[in-house]
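Please read the structure below before turning to the comments.
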Amino acid sequence: MKDVELTVKIDDETKDALVEISDKLNLSVDQYVTKLIKNEITKTVNFSNGFYYNRHTTKLYNDRKEEVNLTKTEKNLFILLLENRNNIVDSNTIHNIVWKGKNMSIYTLRNMIKNIRDKTYYELIKNHSNLGYSLN
């Protein structure tokens, strides 16, 4: 596959937001923008046990093609893990992005992970002791 170099003009506010988010995710701006473009192009992400996520409807479905109802926080956590599915997301990043810096204890986070696992399947989210979480 051939790499294509693009030049895009963006306003200062958008540039600042890209830099801030990419820094939080420990990615370069180029890596983050590439990830955003790939996410936009790819419609469906398939998981084990027949579960899949539709990026265009931003909904998670089970093996019976029924929507898995996630709370707003559960959905934000799931999407963060999905956007970083090849990486471990540490609890500080989760706190900053999902809870937007508001109060979050490690117990709250563990409970949120448990809720998502209960609605899907246990192996969907992998715990990396003292490091964070990733999608399996």
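Just so we're clear, the structure is a prediction, and the values are computed from it rather than from any experiment.
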For the side chain of Asn111 and the backbone of Tyr107, is there at least one donor-acceptor N/O pair under 3.5 Å apart?
no
If you take all heavy atoms of Tyr61 and Asn54, which pair is closest and at what distance?
CE1-CB, 4.0 Å
Here the gap from Met104 atom CE to Lys102 atom NZ, rounded to the nearest 0.5 Å, amounts to 14.0 Å
Taking every non-hydrogen atom, the tightest pair across Lys35 and Glu83:
NZ-O, 2.7 Å
Verify same cluster id: Leu81, Ile106 (apolar side-chain graph, 4.5 Å)
yes
Between atom CG of Asn69 and atom CG of Leu60, what is the distance when rounded to the nearest 0.5 Å?
10.0 Å
For the CD1 atom of Ile94 and the OG1 atom of Thr73, what is their distance to the nearest 0.5 Å?
12.5 Å
For Thr93 and Asp90, which I'm curious about, is there any donor-acceptor pair between the side chains at under 3.5 Å?
yes
Exceeds 12 heavy-atom contacts within 6.0 angstrom, atom CG of Asp11:
yes
Side chains of Leu124 and Phe78: does their closest heavy-atom pair fall under 4.5 Å?
yes
Tell me whether the count of non-hydrogen atoms from other residues, nucleotides or ligands lying under 6.0 Å of CD in Glu13 goes above 12.
no
Just checking Lys24: does its NZ atom have more than 12 heavy atoms from other residues, nucleotides or ligands closer to it than 6.0 angstrom?
yes
Over 60° means perpendicular and under 30° means parallel, so classify the ring planes of Tyr121 and Phe51, tilted if in between.
tilted
Less than 3.5 Å apart, any donor N or O on the side chain of Asn62 or Lys119 sitting next to an acceptor on the other?
no
Of all the heavy-atom pairs spanning Asn87 and Ser134, show the shortest one and how long it is.
O-CB, 3.4 Å
Tyr53 and Phe47, any side-chain heavy atoms less than 4.5 Å apart:
yes
Value for OH (Tyr133) from NE2 (His128), rounded to nearest 0.5 Å, stands at 10.0 Å
With side chains defined as the heavy atoms from C-beta onward, is the minimum distance between Arg85 and Val45 less than 4.5 Å?
yes
Distance-only, no hydrogens or angles: does the Glu74 side chain make a donor-acceptor pair with backbone N or O of Thr71 under 3.5 Å?
yes
Contact between Asn76 and Ile97 at the side-chain level, heavy atoms closer than 4.5 Å - yes or no?
no
Ignoring hydrogens and angles, tell me if any N or O in the side chain of Thr58 forms a donor-acceptor pair with the backbone of Arg55 under 3.5 Å.
no
Tyr122 and Leu70: same hydrophobic cluster, using ILVMFWY side-chain contacts below 4.5 Å?
no
Is it true that Asp118 and Lys114 make a salt bridge, defined as a side-chain N closer than 4.0 Å to a carboxylate O?
yes
Quick check on the hydrophobic clustering: are Leu36 and Val29 connected, directly or via other members, by side-chain heavy-atom contacts under 4.5 Å?
yes
Smallest separation among heavy atoms of Asp63 and Asn49, with atom names
CB-O, 3.3 Å
Nearest non-hydrogen partners of Glu123 and Asn136, listed with the distance
O-CB, 2.8 Å
Nearest-0.5 Å distance, CG of residue Leu77 to NZ of residue Lys72:
14.0 Å
Does Thr14 use its side chain to pair, donor to acceptor, with the backbone of Ile10 at less than 3.5 Å?
no
With clusters defined by side-chain heavy atoms of hydrophobic residues (ILVMFWY) lying less than 4.5 Å apart, directly or transitively, does Ile125 cluster with Tyr52?
no
At what distance, to the nearest 0.5 angstrom, does CD of Glu20 lie from CG of Leu25?
10.5 Å
Testing the basics here: between Ser28 and Ser22, what is the closest heavy-atom pair and its distance to 0.1 Å?
O-CB, 3.9 Å
Counting C-beta onward and ignoring hydrogens, is there a side-chain heavy-atom pair between Ile21 and Asp23 closer than 4.5 Å?
no
Can you check whether Ser129 reaches Asn127 side chain to side chain, under 4.5 Å on heavy atoms?
yes
